[in-house]
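The next block holds one structure in the form of structure tokens; read it before the comments.
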Amino acid sequence: MTHARAAFAAALALISSVPPAGAEDFRLSVPLDCTLGETCFIEDYVDNDPTQGRHRDFACGINSRDGHKGTDFALLDFGAIGEGVTVLAAAPGVVKRTRDSMPDDRLMRGVTSENACGNAVLIDHGGGWQTLYCHLRLGSVSVAPGDLVQPGDPLGLVGLSGQTNHPHVHLTLLRGGQVVDPFRPEATGTCGDPGPSLWTEPPAYTRTGLVTAGFSDAVPTLQAVGDGSARRPTLGPDEAMVVYAHLGYAQPGDVLTLSAESPAGTDLFRRAITLDSDQASQMRALGRKAPPSGWPAGEYLGRARLTRDGKVIAHRFAHVTVSN
């Protein structure tokens, strides 16, 4: 038996001697070293609508994606990847498996259904509970199978590995191999009154969300945004550049900031828009015409950030490539 296997067996025997944790005593902490509402936010929750083609978060809101099996804690800045933001163990347990071989690639080249989680850590907590942490930065995984971890112990850094085009850690909670929504553990697969959660300190929830954001060559209609025809993955150097955002259940007084950055990282345009409508679905856009010499070739980054009382409640990135 190898040293790693021996260590894992000893550690597993240790937690196996502890009475299995039930839903009433199993608890999670936030799996990211960040401040919710300031440097990170919860982007997507577990999809609690089993109907294919539809999605609902635990509170019957829009903040999920069809078939999404975890909770996404997202960063607000691509630059934070290089600086390093630590992914943390959410509960005590034993590291069961790791992967640290996939590149950080926003274009997701080589990603399949088998490796969509990217660089990852799987932790066993006993009693059938497991947590899975996805999309870690290549070369950053700092634990190995058999390691004992406590809540808050570092596992690695946020990256762009696997099926993702923005920096976040995806946390999946499992019990007996089945997905459990930590916000609605006793009734995962349905939505409504969530009841008790599994969080030591439950993160705040807002129903408001950003459905999508993207680049276009003109101010689009809400219908074009909804059916996807507004989105432009590429633009010509002489075309206008517009960033749009589709909001759901925003409140009057919420502030939507739209911006775009050049390939060199400088602002092309930025505006904070105070919303005055409580429409369930609304769209805003901001842009500018191409300069006389045309847009320089490269990748441009758009942002849509929604704040309420100074706290970030929703955020989306957008990307477009200009080629000569």
Side-chain angles (χ1 to χ4, degrees), residues 32 34 38-44 65 72-85 103-109 111 118 135-138 157-170 209-220 224-225 228 230-247 255-273 283-291 293-307 312-324:
L32 195 58
C34 65
E38 295 182 15
T39 58
C40 65
F41 73 107
I42 298 179
E43 180 178 40
D44 286 312
R65 290 179 284 112
D72 289 348
F73 293 81
L75 301 180
L76 304 174
D77 186 1
F78 266 83
I81 296 176
E83 296 170 7
V85 179
D104 297 290
D105 183 4
R106 183 189 67 78
L107 298 179
M108 298 178 277
R109 287 165 289 202
V111 174
H135 312 309
L136 277 64
R137 194 173 86 185
L138 177 63
L157 301 174
V158 174
L160 279 176
S161 61
Q163 190 173 337
T164 182
N165 61 8
H166 63 282
H168 74 283
V169 61
H170 169 105
L210 281 166
V211 180
T212 190
F215 278 96
S216 192
D217 59 349
V219 176
V225 170
R231 188 180 301 275
R232 291 286 304 274
T234 61
L235 287 171
D238 299 323
E239 293 185 282
M241 185 175 294
V242 175
V243 174
Y244 62 82
H246 181 193
L247 303 92
V255 177
L256 174 67
T257 301
L258 296 175
S259 64
E261 295 177 12
S262 72
T266 58
D267 275 356
L268 298 176
F269 52 81
R270 177 184 298 269
R271 181 180 300 169
I273 305 166
M283 189 274 297
R284 296 289 188 275
L286 179 68
R288 57 175 286 191
K289 295 180 180 179
S293 58
W295 300 114
E299 184 176 294
Y300 291 72
L301 178 66
R303 302 171 189 262
R305 180 179 300 190
L306 189 64
T307 60
V312 177
I313 58 174
H315 184 276
R316 294 282 182 187
F317 289 106
H319 304 269
V320 71
T321 300
V322 173
S323 56
N324 293 326

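Here the structure is a predicted model, which is why all the values come from computation and not from measurement. Side chains are part of it too, since the values below use all heavy atoms of this structure and drop only hydrogens, waters and symmetry mates.
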In Å, rounded to the nearest 0.5 Å, how long is the span from [atom1] of [X] to [atom2] of [Y]?
| X | Y | atom1 | atom2 | answer |
| --- | --- | --- | --- | --- |
| L76 | H168 | CG | NE2 | 13.5 Å |
| M241 | W295 | CE | CH2 | 5.0 Å |
| L247 | I273 | CG | CD1 | 9.0 Å |
| R231 | F215 | CZ | CZ | 10.5 Å |
| L160 | I81 | CG | CD1 | 3.5 Å |

Next on the checklist: Does anything in residues 237-246 form a salt bridge (charged side-chain N to carboxylate O under 4.0 Å, His left out)? List the pairs, not counting sequence neighbours.
Outcome noted: R232-E239
Next on the checklist: Looking at S161 and L136, would you say the former's side chain and the latter's main chain have a donor-acceptor pair under 3.5 Å?
Outcome noted: yes
May I ask you to test the [X]-[Y] pair for a side-chain heavy-atom distance under 4.5 Å?
| X | Y | answer |
| --- | --- | --- |
| T164 | H170 | no |
| F317 | R303 | yes |
| F73 | I42 | yes |
| S259 | F269 | no |
| L306 | L256 | yes |

Item to check | Residues that D72 engages under salt bridge (charged side-chain N to carboxylate O under 4.0 Å, His left out), provided they are two or more places apart | outcome: R65
Checklist entry - Who are the salt bridge (charged side-chain N to carboxylate O under 4.0 Å, His left out) partners of R288, not counting sequence neighbours? => result none
Checklist outcome for this item: Paired with E261, the side chain to side chain contact (heavy atoms under 4.5 Å, CB included) test is passed by just one of L268, L301, T266, namely L301
Which atom names give the shortest non-hydrogen contact between [X] and [Y], and what distance separates them?
| X | Y | result |
| --- | --- | --- |
| D77 | P167 | O-CG, 4.0 Å |
| P103 | L138 | CA-CD2, 4.1 Å |
| L75 | A80 | CD1-CB, 3.9 Å |
| L258 | A245 | CD2-CB, 3.9 Å |
| F78 | N165 | CZ-O, 3.3 Å |
| H135 | Q163 | CE1-O, 3.7 Å |

Checklist outcome for this item: Paired with R316, the side-chain hydrogen bond (donor to acceptor under 3.5 Å, both in side chains) test is passed by just one of H166, E43, H246, namely E43
Next on the checklist: Is it true that, when you exclude R106 itself, more than 12 heavy atoms of the residues, nucleotides or ligands shown sit nearer than 6.0 Å to its CZ?
Outcome noted: yes
Next on the checklist: Could you walk me through whether V225 and T212 satisfy the side-chain contact (heavy atoms from CB on, under 4.5 Å) test, starting with their C-alpha distance in whole Å, then the side-chain angles of each, then the deciding distance to 0.1 Å, before giving a yes or no?
Outcome noted: CA-CA 8 Å; V225 170; T212 190; 3.9 Å; yes
